[in-house]
Amino acid sequence: MDLGITGRTALISGADSGIGWETARILLGEGVRVVLTDKDQKSLDAAAAGLGAPEGRLFAFAADVTKVDSIATMRDRVLDAVGDIDILVQSSGITGAQGYFHEIDDAGWTNTIEVDLMGPVRLVSAFLPSLRKGGWGRIVLMASEDGVQPYDDEIPYCSAKAGVLALMKGLSRTYAKEGLLVNCVSPAFIHTPMTDAMMEKRAKKIGSSVDEAIESFLAEERPYMALQRRGEPQEVAAVVAFLCSEQASFVNGANYRVDSGAVASI
């Protein structure tokens, strides 16, 4: 399928690994000029090298999404290097504070919200003037199954992702008439560094191998994931790329679940 976005420019956050990196790979293959951003410049440079894009097609600028000034500096570097962007994919995030509600302090809540909700808010705010200029644009925000099906041991993350869904819906109603379409993708338990860390922690806690920790997590915590495996980043990135494309020209304000059926409701 021709996605119809050759020559477009995309910024992808959380792009040094996982879903963000795979999205960059697909978009580069579709003729898109891509800017990667994440917190650490060294890991970004390594990620960019792994993509092997021709000169002038791929850029990497670090930014900390918890700091407005850092995002502003990165935005200015992007505008200087490539000009206005057409596509914003927000894929950065953390698991955040875990435990039952009474076990999580104010700092745990604040840190999770700063990254997982205010990070997308700040990125959209910084690049919205650029995205509104061309009469055509795409914003794809990364939510989660947790945003509509909360779990009792990670309520801050669930709350932040519910906020991302509300942010997406509000933006989609405001800017679609200008040609800027806004949607979410909600993965569940994808094979990324974030879930690797979760499963290593679980394995240590229950005294098992990582593979056994994954198997028990699926059985005990995610019983509706019918495929009974972790998803792969490219399986999510394929949906993200579609939503970035001309083929998704009538998709706006939608939440695409890539979750193996993890959410029990329709």
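Values below: every heavy atom of this structure, side chains too, minus hydrogens, waters and symmetry copies.
Cluster partners of M194, using a side-chain heavy-atom cutoff of under 4.5 Å among ILVMFWY residues and allowing indirect links, are Y157.
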Take R202 and S216 through the side-chain hydrogen bond (donor to acceptor under 3.5 Å, both in side chains) test and state the conclusion after the steps. CA-CA 10 Å; R202 180 181 178 88; S216 68; 3.1 Å; yes
Show your reasoning for whether side-chain contact (heavy atoms from CB on, under 4.5 Å) applies to L131 and Y175. CA-CA 10 Å; L131 288 160; Y175 300 107; over 6 Å; no
Yes or no on side-chain contact (heavy atoms from CB on, under 4.5 Å) for S249 and R138, after CA distance, side-chain angles and deciding distance? CA-CA 9 Å; S249 58; R138 302 287 189 267; 4.2 Å; yes
What do the steps show when you test F59 against R77 for side-chain contact (heavy atoms from CB on, under 4.5 Å), and what is the final call? CA-CA 10 Å; F59 302 82; R77 295 180 70 189; over 6 Å; no
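For the atom pair K201 NZ and D196 CG, the distance stands at 14.5 Å (nearest 0.5 Å). Here OG1 of T37 is found 8.0 Å from CD1 of I71. Values are rounded to the nearest 0.5 Å. Remark: Q98 CD to I104 CD1 distance equals 8.0 Å, nearest 0.5 Å. Interatomic distance, S91 OG to I19 CD1, rounded to the nearest 0.5 Å: 5.0 Å. Taken from NZ in K205 to CE in M199, the straight-line distance is 11.0 Å, to the nearest 0.5 Å. Atoms CG and CD1, on L88 and I139 in that order, are 5.5 Å from each other to the nearest 0.5 Å.
Closest approach of S70 and A63 over heavy atoms only: OG-CA, 3.4 Å. Scanning both residues, E145 and A262, for their nearest heavy atoms gives OE1-CB, 3.3 Å. Listed here is the closest heavy atom pair of Y151 and E221: CE2-O, 3.7 Å. Scanning all heavy atoms of the two residues, the minimum distance from G18 to T192 falls at CA-CG2, 4.3 Å. Nearest heavy-atom pair across P233 and H191 is CG-O, 3.3 Å. Contact detail for I266 and R257: the closest heavy-atom pair is C-NH1, 4.3 Å.
Among residues two or more places apart in sequence or in another chain, the side-chain contact (heavy atoms from CB on, under 4.5 Å) test is passed with L28 by V34, L51, A53, R57, L58.
Proximity of a side-chain donor or acceptor of D2 to a complementary backbone N or O of G4 within less than 3.5 Å is detected. Although no hydrogens or angles enter the test, the distance criterion places a donor-acceptor pair under 3.5 Å between the side chain of D116 and the main chain of I94. Between the side chain of D86 and the backbone N or O of G137 there is no donor-acceptor pair closer than 3.5 Å. Counting only distance, with no hydrogens or angles, the side chain of E212 and the backbone of G207 share no donor-acceptor pair below 3.5 Å. Side chain of Q90 to main chain of V124: no donor-acceptor pair is present (N/O by atom type, distance under 3.5 Å, no hydrogens or angles). E103 contributes a side-chain N or O that, together with a main-chain N or O of Y100, makes up a donor-acceptor pair within less than 3.5 Å. Between the side chain of T110 and the main chain of D106, a donor-acceptor pair closer than 3.5 Å is present. At distances below 3.5 Å, not a single donor-acceptor pair connects side-chain atoms of K39 with backbone N or O atoms of V65. Side chain of N252 to backbone of V182: a donor-acceptor contact under 3.5 angstrom is found.
Using modelled atom types, one finds a donor on one side chain and an acceptor on the other under 3.5 Å when comparing T66 with D64. Donor-acceptor pairing under 3.5 Å is lacking for the side chains of R222 and S260.
Looking at C244 and L3, their side chains never come closer than 4.5 Å, going by heavy atoms from C-beta outward.
Residue pairs meeting the side-chain hydrogen bond (donor to acceptor under 3.5 Å, both in side chains) criterion with at least one member in residues 15-26, sequence neighbours excluded, are D16-S43, E22-R25.
For D84 and K133, the salt-bridge test passes: some basic side-chain N is under 4.0 Å from an acidic carboxylate O. Under a 4.0 Å N-O distance rule, the pair E235/R230 does not qualify as a salt bridge.
Classification of the F242-Y256 ring pair by plane angle, with boundaries at 30° and 60°, yields tilted.
For OH of Y224, the number of neighbouring non-hydrogen atoms (other residues, nucleotides, ligands) closer than 6.0 Å is 12 at most.
Follow the hydrophobic side-chain contacts under 4.5 Å out from L128 and you reach M168 in the same cluster.
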